[in-house]
Amino acid sequence: MNRILLVDDEPDIVRVLGISLRADGYQVRTASGGEEALAIFARETPELVITDIKMPGMNGIEVLREVKNINAETEVIIITGHGDIDSAIEALQYGASDFINKPVRDKQLAIALQRAQEKIHIKQQLREYTTSLEQKVAAATREIRRRSNFQGKLIRSSNDGIVATDEDLKIVIYNPGAERIFGYPHHSVVHRMQVQDLYTPQIADLIVTGVTQASGLQEFPWQETSILSENGDIIPVRFSGSILHEKGQKMGSVAFFQDLREIKRLERELLKAERLAAVGQTVAGLAHGLKNILHGLKGGSYLVDLGIKKDDTEKLKSGWDMIKRNIGRTSEMVMDLLTYSKEREPEFEDCFPNEIAAEVAALLAEKARESRVGIKKSLDPSIPQVSMDPRIIHTALLNLVTNAIDACLFDEDTGKEWQVVVATTLEDDNTIRFDVSDNGVGMSKNVRDRLFTSFFSTKGHRGTGLGLMVTRKLVEEHGGRIDVASSPGKGTTFTIHLPFEAAGEKKTTSRKIKKR
Ligand code: ADP
Ligand code: MG
């Protein structure tokens with residue numbers, strides 16, 4: 001503060017005080033009466049007014065009231081006559097900041113000025129504080145609004161359906177994404193529907209329990225499910241959600257839905273494309289297999305022709321053997337293809353798995369002997385009569401033992417004593433394990449990775465590449481699984497785990513067929 005308006009009808013006082021105040025560094029304006037003072041005040045709004053109380057015309061109290069009227073912030077010091085306590089009190093009541101007595105002494109004036117200064121200063125600070133507070137509140141409000149707008153936009157523009165409810169399970173947020181999935185228009189859902197009206201019972205239950213019961217789940221991780229749209233379509237969706245809390249109180253729920261229709265459609269198309277590719281591969285493999293067989297048949301018939309022409313029984317015989325072998329392969333291949341192409345439920349009947357294993361070993365004993373391979377059996381005597389599909393066991397073991405003998409035949413390490421072991425084990429109350437091991441060529445990782453694919457064979461014209469694929473299909477249809485362990489040059493073990501039922505229980509249809 002440095003501008004003062006000094007009002008007194010006595011020119012001497014005005015002059016003396018004016019000099020003193022100016023000497024202290026104030027800008028001083030003077031007036032000799034109330035009217036003049038108010039005119040100056042209105043024009044210049046000084047921070048402080050010092051006015052005599054007794055003046056002709058308008059007195060000091062009136063000046064004080066007018067000044068406070070115009071600007072309540074202005075500090076006013078009243079100069080009273082000596083001992084005029086009543087006027088002083090009246091002045092204070094009207095908001096004067098101080099009063100000083102006549103004759104005005106410098107010390108008294110200095111104290112009054114100091115107090116006025118302080119008041120002005122405090123008021124100023126208060127004003128600044130208030131304005132900055134107001135600014136802060138305004139800024140915070142702007143920020144909150146901005147965020148809420150942003151969140152609103154986010155919710156509106158989200159591709160996912162977002163649906164939120166209040167604690168009474170009434171839907172309060174339903175974004176355009178949700179509109180696209182559920183089909184109901186916004187206006188017929190928000191504040192109109194409850195979760196039970198919009199969600200399937202499965203999802204509604206989760207939300208209702210979560211919101212209303214302490215024991216209910218509070219977070220629902222992504223899961224695939226479906227919803228029922230307005231027009232009755234079942235729409236596949238991914239759903240997740242959570243119960244909303246504020247200060248420990250449940251205040252509603254939010255759920256997110258992703259439309260899976262497009263993804264499902266693409267999946268179906270992909271599957272179709274894959275199937276077509278598989279068909280192409282199969283046909284190519286088939287042609288290759290047939291070509292090999294035709295080769296064999298042609299070779300055989302050439303020998304037969306030669307035998308007839310030259311009347312050579314030896315040639316005739318070996319040609320005929322070749323033809324028979326290839327007829328055998330044709331029928332094997334056709335049977336395998338038929339088995340593979342048809343989905344077939346296993347036919348459970350009472351049987352002794354050990355007997356089947358022994359049968360297979362006996363059946364291939366001759367072939368093994370020709371290849372100088374020994375066949376050993378290691379059959380678990382605790383395996384009882386059980387209900388299984390004996391044809392599946394038979395075919396699977398036949399394929400595995402044939403491969404095992406071949407593996408020895410293809411082994412170039414002639415120093416070995418080749419052996420194939422067929423073993424059975426009662427693995428647990430409902431599984432039997434079959435192991436077929438050999439100490440033949442073994443296989444590389446590359447071969448192991450391709451074992452079960454169609455027409456994969458390392459045996460050239462002697463293999464069809466269907467055996468293992470068919471074996472795995474049968475085993476899986478029987479609810480079992482097949483594993484392989486092998487090391488190149490050392491040998492291979494194939495293991496089949498097959499579930500069984502107690503003997504006497506025929507199980508034909510209830511088992512679920514694994515789809516590939
Ligand atoms: P194929 O016997 O007609 O060749 P499979 O499907 O029975 O067809 O076998 C596929 C391939 O797996 C065989 O060509 C061979 O390379 C490999 N294989 C299968 N069993 C064995 C085994 N016991 N030891 C080494 N390799 C094996
Ligand atoms: Mg085979």
Side-chain angles (χ1 to χ4, degrees), residues 278 281-282 284-296 325-341 357 360-361 363-364 367-368 370-376 378 392-414 416-423 434-477 481-496 516:
Q281 250 175 20
T282 310
L286 198 58
H288 182 75
L290 281 176
K291 203 182 72 192
N292 278 338
I293 291 171
L294 270 181
H295 235 73
R325 216 168 37 241
N326 281 291
I327 289 175
R329 284 180 62 206
T330 313
S331 88
E332 234 173 70
M333 186 165 160
V334 169
M335 293 313 283
D336 277 349
L337 280 173
L338 281 179
T339 315
Y340 190 71
S341 61
V360 170
L363 210 58
L364 291 171
K367 177 180 156 81
E370 279 170 11
S371 317
R372 293 195 293 116
V373 178
I375 293 196
K376 222 185 106 192
S378 163
I392 288 184
I393 306 175
H394 191 271
T395 311
L397 288 181
L398 199 69
N399 280 334
L400 294 186
V401 177
T402 309
N403 279 348
I405 296 171
D406 284 347
C408 297
L409 202 61
F410 278 83
D411 190 6
E412 280 160 9
D413 181 0
T414 46
K416 267 192 212 166
E417 201 172 300
W418 291 306
Q419 196 173 52
V420 173
V421 182
V422 184
F434 302 86
D435 293 283
V436 177
S437 323
D438 65 71
N439 59 350
V441 280
M443 49 184 118
S444 64
K445 182 173 182 317
N446 182 31
V447 170
R448 209 165 49 224
D449 287 346
R450 300 167 63 195
L451 275 186
F452 299 99
T453 54
S454 57
F455 302 111
F456 172 74
S457 175
T458 56
K459 298 172 192 167
H461 66 275
R462 299 179 58 172
T464 58
L466 290 172
L468 284 179
M469 193 175 78
V470 166
T471 304
R472 183 166 77 175
K473 172 181 182 272
L474 292 174
V475 166
E476 286 181 351
E477 280 176 354
R481 70 169 212 276
I482 179 165
D483 301 322
V484 59
S486 178
S487 79
K490 296 234 171 69
T492 304
T493 300
F494 277 90
T495 305
I496 295 176
R516 259 177 301 263

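Whatever order the structure lists them in is the order used to number ligands and atoms, beginning at 1. When reading the values below, keep in mind they use all heavy atoms of this one structure, side chains included, and skip hydrogens, waters and symmetry mates.
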Pair L397, F434 - check side-chain contact (heavy atoms from CB on, under 4.5 Å), show working.
CA-CA 8 Å; L397 288 181; F434 302 86; 4.0 Å; yes

Working for side-chain contact (heavy atoms from CB on, under 4.5 Å), residues D406 and D438:
CA-CA 10 Å; D406 284 347; D438 65 71; over 6 Å; no

Apply side-chain contact (heavy atoms from CB on, under 4.5 Å) to E477 and L474, showing your working.
CA-CA 5 Å; E477 280 176 354; L474 292 174; 4.2 Å; yes

Passes side-chain contact (heavy atoms from CB on, under 4.5 Å), F455 versus H288? Steps please.
CA-CA 9 Å; F455 302 111; H288 182 75; over 6 Å; no

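Geometric assessment of R450 against the ring of F456 yields a negative cation-pi assignment under the 6.0 Å and 45° thresholds.
Considering backbone and side-chain atoms together, D406 places no N or O closer than 3.5 Å to any N or O of ligand 1.
Nearest protein neighbour of atom 16 (O) of ligand 1, counting heavy atoms only, is T458 OG1, 2.5 Å. Protein heavy atom nearest atom 25 (C) of ligand 1, with residue, atom name and distance: G442 O, 3.6 Å. Among protein heavy atoms, the minimum distance from atom 26 (N) of ligand 1 is reached at M443 CE, 3.8 Å. The protein non-hydrogen atom at the shortest distance from atom 8 (O) of ligand 1 is G465 CA, 3.2 Å. Looking at atom 10 (C) of ligand 1, its nearest protein heavy atom turns out to be F456 O, 3.2 Å. For atom 23 (N) of ligand 1, the nearest non-hydrogen atom of the protein is D438 OD2, 2.9 Å. Closest protein heavy atom to atom 4 (O) of ligand 1: S457 OG, 2.6 Å. Here the protein heavy atom with the shortest distance to atom 2 (O) of ligand 1 is K459 NZ, 2.7 Å.
Within the 3.5 Å criterion, the main-chain N or O of M443 finds a donor-acceptor partner in the side chain of S486. Looking only at distances, a side-chain donor or acceptor of S341 sits under 3.5 Å from a matching main-chain atom of L338. The closest donor-acceptor contact from the side chain of K490 to the backbone of G442 lies at 3.5 Å or more, if one exists at all.
Protein contacts to the Mg ion (ligand 2) involving N, O or S atoms at a distance below 2.8 Å are N403 OD1.
Within ligand 1, counting atoms from 1 as listed, the ones closer than 4.0 Å to a heavy atom of G463 are 3 (O). Per-residue contacts place F494 under 4.0 angstrom from the following atoms of ligand 1 (heavy atoms of the residue considered): 20 (N), 21 (C), 23 (N). Residue-ligand proximity, A407 to ligand 1, at heavy-atom distances under 4.0 Å covers atoms 22 (C), 23 (N), 24 (N), 25 (C). Here is the list of ligand 1 atoms found below 4.0 Å of a heavy atom in T464: 3 (O).
F452 and L468 get closest at one heavy-atom pair: CD2-O, 3.6 Å. Closest heavy-atom contact between G463 and S457: CA-OG, 3.6 Å.
No side-chain N or O of K459 forms a donor-acceptor pair with one of N292 less than 3.5 Å apart.
Rounding to the nearest 0.5 angstrom, the gap separating the OG1 atom in T330 from the CZ atom in R325 is 12.0 Å.
Residue K376 forms a side-chain contact (heavy atoms from CB on, under 4.5 Å) with just one option from V422, V420, V421, and that option is V421.
Closest heavy-atom approach to atom 17 (C) of ligand 1 among the candidates T453, L468, L451: L451.
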